[in-house]
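These notes concern the structure reproduced below.
What you see below is based on every heavy atom in this structure, not just the backbone, and it leaves out hydrogens, waters and symmetry mates. Below, chains carry the letters A, B, ... as their sequence lines are ordered, and counting in each starts from 1.
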Amino acid sequence: MAVLSIGIFYYMDLQLKNITHSYGEIDVLGNIDLTVNGGEIVCIVGPSGCGKSTLLRLIGGLERPVSGEVLLLGEPPKESLNPLTYIFQDFALLPWRTVEGNVSLALEDHSISKLESREIINDVLSRTHLSDFRKALPRQLSGGMKQRVAIARALAVRPAVMLMDEPLSALDSQTRELLMDDLIDLWMRESFTAVYVTHNLHEAVRFGHRIVVLSRRPGRVREVVKIDRPLGDRGDANADLEEVQQHLWSLMRDEARAADRELLHG
Amino acid sequence: MVNDRARPVPFRGGGFKHKPAVAVSLLVFVVLILFWEVGSRTGFISNLVLPAPSEAFTALLQLIETDMLWKHLSASLQRLILGWTFGTLFGVCVGLLIGLFSIVRAGLSPLVSAIFAIPKIAMLPLFIIWFGIGEGSKVATILFGTFFPTVIATYGGVDNVDRTLIRMGQSFGLSWLSIVRKIIIPGALPAILSGFRISASIGIILLVAAEMIGAEFGIGAYILLAGSLMATDQLIAGVSILSLMGLTMAWLIGKAENYFLKWRM
Ligand SMILES: Nc1ncnc2c1ncn2[C@@H]1O[C@H](COP(=O)(O)OP(=O)(O)OP(=O)(O)O)[C@@H](O)[C@H]1O
Ligand SMILES: [Mg+2]
């Protein structure tokens, strides 16, 4: 498949072919087919426990699917140190390392010079507005800042695809809004490919080019909703976005209700 | 008027939080010693039961004047430092191996649990046969005694390292060695250091026990001799030296914790 060429680097397509996964007796994912194009943000929504996080782990190679395969199309760009890079819900920062040290952790195993790594760290810290906090320890930071450190760390390895598992859900709603703006800013300046898992439909319609709705467990693709409005133009209340969100919610509500009933009746 | 009835909200958030109060610690200590001294002088505390603190202090001075203190202390410290250092060093290594490799865990962890439960003092006669009546058996007792709790503390610490951090390391493509060095060992360090605290006091207990069998010098030997002569003043002097040793070790480990675990405070 053709790699998109808008003149910006780190593009890679991702293809999921008929992914099925189960843990022992429990089927978690069924027949997932999905293509993520370079430069595109795909949001994944679905009721709790439908296998969203599992899907993300399969995409990033942290787990192997029972059947099916995840394919990377095209060579990962040479500049990319870690093509598939995660941003975790709980930040996953090393508490004994400073902001700077946490970012440098991702670079230390690669053969890059000290100078170059210092430049990368400076660059990503300024892009995430953390330059003043480079010597701070994670416990001294607010939740939003911690997640920005995690974003800086992810940017440092120049990922081809960002895998984000509810990156904002550990944060309060104001911080969430601000960080969402930051993410959109980052993407506008330099579009990256991302798979973004969330249970927040508002986030999904703000940030996704396409939104994949998964059914209750075992998660299958229930519907894929495409939003054409450009990311930069989604700020204030938009009737069409409202409508999409309503539509997503009606899909989700049915699934969530059904999932609840299943839990109650075994 | 409403304001007439205004009164401050009573504060009830206090307590349950420790403030350092060195003065109180010292005061309790001084009062206790004074009470003891006065009790002994007035005959309220019989000299047969407990010598006065001043007598114990005189015994201590005597020990210093006759240059015996250094002889006993250096013999003891040498055994303790050798035994504890190697015991904890091997303990941390084996603990890491058990924590990291399933095969090692399957093979060694039942064995460790089984041997951990044996009081090492019971093994002393065996150690004497294996390592001789001299220094070898004493060091070995301390070494074995501190080895097992360190192993258990270390692999418990490794088990408790946050899995999401390890996952994070893997997701950034860190090598196995990097994950161990930069994530697992620092993450297990709090548990390892608190294991050191326990093994330090076990070390002192075993030191005394080992020195009570066939040692010419050492605080344990000194106490044993004092006991068999019913020289309770010397006995108390010896015991307070031990207690000082324990305090010093706890203080050193506290320093190490402050240094290595700065990020926690
Ligand atoms: N390692 C595992 N072993 C066994 N079962 C697991 C494991 N990981 C997840 N599961 C199960 O798989 C199902 C899907 O889990 P997953 O975490 O992917 O859901 P999710 O969609 O991310 O849910 P949430 O919205 O709550 O984050 C759940 O029922 C969960 O209990
Ligand atoms: Mg999840």
Quiz question: by atom type and distance under 3.5 Å, do the side chains of Asn200(A) and Thr198(A) form a donor-acceptor pair? no

How many angstroms lie between atom NE2 of His21(A) and atom CZ of Arg64(A), to the nearest 0.5 angstrom? 11.0 Å

Thr98(A), Leu62(A), Leu137(A): which one forms the most heavy-atom pairs within less than 4.5 Å of chain B? Leu62(A)

Region of Ile183(B) that comes under 4.5 Å of a non-hydrogen atom in chain A: both

Look at the rings of Phe127(B) and Phe144(B) and say which category their plane angle falls in: under 30° parallel, 30 to 60° tilted, over 60° perpendicular. tilted

Any idea how Tyr196(A) and Phe207(A) line up, ring-wise: parallel (<30°), tilted (30 to 60°), or perpendicular (>60°)? perpendicular

For Arg97(A), the option from Val103(A), Asn102(A), Val149(A) that meets side-chain contact (heavy atoms from CB on, under 4.5 Å): Asn102(A)

Is there a side-chain contact between Arg148(A) and Leu141(A) (heavy atoms, below 4.5 Å)? no

Among Leu189(B), Leu165(B), Leu177(B), who wins on heavy-atom pairs under 4.5 Å with chain A? Leu165(B)

Can you tell me how far the OG1 atom of Thr193(A) sits from the CG atom of Leu163(A), to the nearest 0.5 Å? 10.0 Å

With only heavy atoms counted, which part of Leu105(A) is less than 4.5 Å from chain B, the side chain, the backbone, both or neither? both

Which region of Arg167(B), side chain (C-beta onward) or backbone (N, CA, C, O), has a non-hydrogen atom less than 4.5 Å from a non-hydrogen atom of chain A, or is it both or neither? both

Checking an interface table here. Which of residues 84-92 of chain A come within a heavy-atom distance under 4.5 Å of chain B? Leu84(A), Thr85(A), Tyr86(A), Phe88(A), Asp90(A), Ala92(A)

Taking atom types as modelled, find out whether Thr54(A) and Glu63(A) have a side-chain donor-acceptor pair closer than 3.5 angstrom. no

Find the distance between OG (Ser243(B)) and CD1 (Ile204(B)) and round it off to the nearest 0.5 Å. 9.0 Å

Where on Arg153(A) is there a heavy atom nearer than 4.5 Å to chain B: the side chain, the backbone, both, or neither? both

